[in-house]
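Here's the structure, in structure tokens; my notes come after.
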Amino acid sequence: MAHIFTDDNFQAEVLDSDQPVVVDFWASWCGPCQMMGPVIDALSTELTDVKVGKLNVDENPDTAQKYGIMSIPAFKVFKDGEVIGDIVGAMSKEAFLTKLNAITS
């Protein structure tokens, strides 16, 4: 199961993490977000060198606003407290992994 990120734990779980972190910015009413849910959950168990989690933009508006989330699903990849890449939209797990590997390698 993917980590759950919130406005309250974002600093500790994402920005202070000692490994890269993928944050899925999503909302319960977003159809494409729902399609990506199983992909994110699968990646969170398959990837050992990257932390994978989700942040509900409706419940955590401060963090979503801070990172300029305008459309969802949006994925930001963090390393050492900084955004190192963005992935936008719904896609297959294979396509997501290809984009993620290009960012983190």
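In this structure, V88 and F25 have side chains that are not in contact, with every pair of non-hydrogen atoms separated by 4.5 Å or more. Side-chain atoms of W26 and I40, non-hydrogen and from C-beta on, never get closer than 4.5 Å to each other. Contact check for L47 versus L97: side-chain heavy atoms found under the 4.5 Å cut-off. D49 is not listed as a side-chain neighbour of T104, based on a closest heavy-atom distance of 4.5 Å or more. When side chains are defined from C-beta on, K93 counts as touching L43, because their heavy atoms get closer than 4.5 Å.
Contact between V57 and A27 at its shortest, heavy atoms only, is CG2-CB, 4.0 Å. Between K54 and G37, the shortest heavy-atom distance links the atoms NZ-CA, 3.9 Å. P73 and A90 make their closest contact through CG-N, 3.9 Å (heavy atoms, listed as atom of the first residue, atom of the second, distance). Counting all heavy atoms, side chain and backbone alike, A42 lies closest to T45 at O-OG1, 2.9 Å.
Within the 3.5 Å criterion, the main-chain N or O of T63 finds no donor-acceptor partner in the side chain of N60. In terms of modelled atom types and a separation under 3.5 Å, the side chain of D24 and the main chain of D41 share no donor-acceptor contact. Remark: the backbone N or O of V14 is not paired with any side-chain donor or acceptor of S17 at under 3.5 angstrom. Not one N or O on the side chain of Q11 forms a donor-acceptor pair closer than 3.5 Å with the backbone of D16.
A distance of 6.5 Å separates CG of D7 from CG of L55, quoted to the nearest 0.5 Å. With rounding to the nearest 0.5 Å, the separation of SG in C30 from CE in M36 is 10.5 Å. Expressed to the nearest 0.5 Å, how far NZ of K76 lies from CD1 of I84 amounts to 12.0 Å. Taken from CG in D86 to CD1 in I69, the straight-line distance is 7.5 Å, to the nearest 0.5 Å.
No path of Ile, Leu, Val, Met, Phe, Trp and Tyr side chains, each step under 4.5 Å between heavy atoms, connects M35 with V39, placing them in separate hydrophobic clusters. Cluster membership check: M91 does not share its hydrophobic cluster with I72, using side-chain heavy-atom separations under 4.5 Å among Ile, Leu, Val, Met, Phe, Trp and Tyr. Side-chain heavy atoms closer than 4.5 Å link hydrophobic residues (I, L, V, M, F, W, Y) into clusters, and following such links, even through other members, never connects F78 to V22. Both V50 and I103 are assigned to one and the same hydrophobic cluster, defined by single-linkage of ILVMFWY side chains at heavy-atom distances under 4.5 Å.
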**Asked** Can you check side-chain contact (heavy atoms from CB on, under 4.5 Å) on F10 and K66, steps first, answer last?
**Response** CA-CA 11 Å; F10 200 81; K66 179 178 179 182; over 6 Å; no
**From CA spacing to verdict: side-chain contact (heavy atoms from CB on, under 4.5 Å), E46, V52** = CA-CA 10 Å; E46 294 171 17; V52 179; over 6 Å; no
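No more than 12 heavy atoms of other residues, nucleotides or ligands sit less than 6.0 Å from atom CD of Q65.
When each of F75, F5, Y67 is checked for a side chain to side chain contact (heavy atoms under 4.5 Å, CB included) with V23, only F5 meets the rule.
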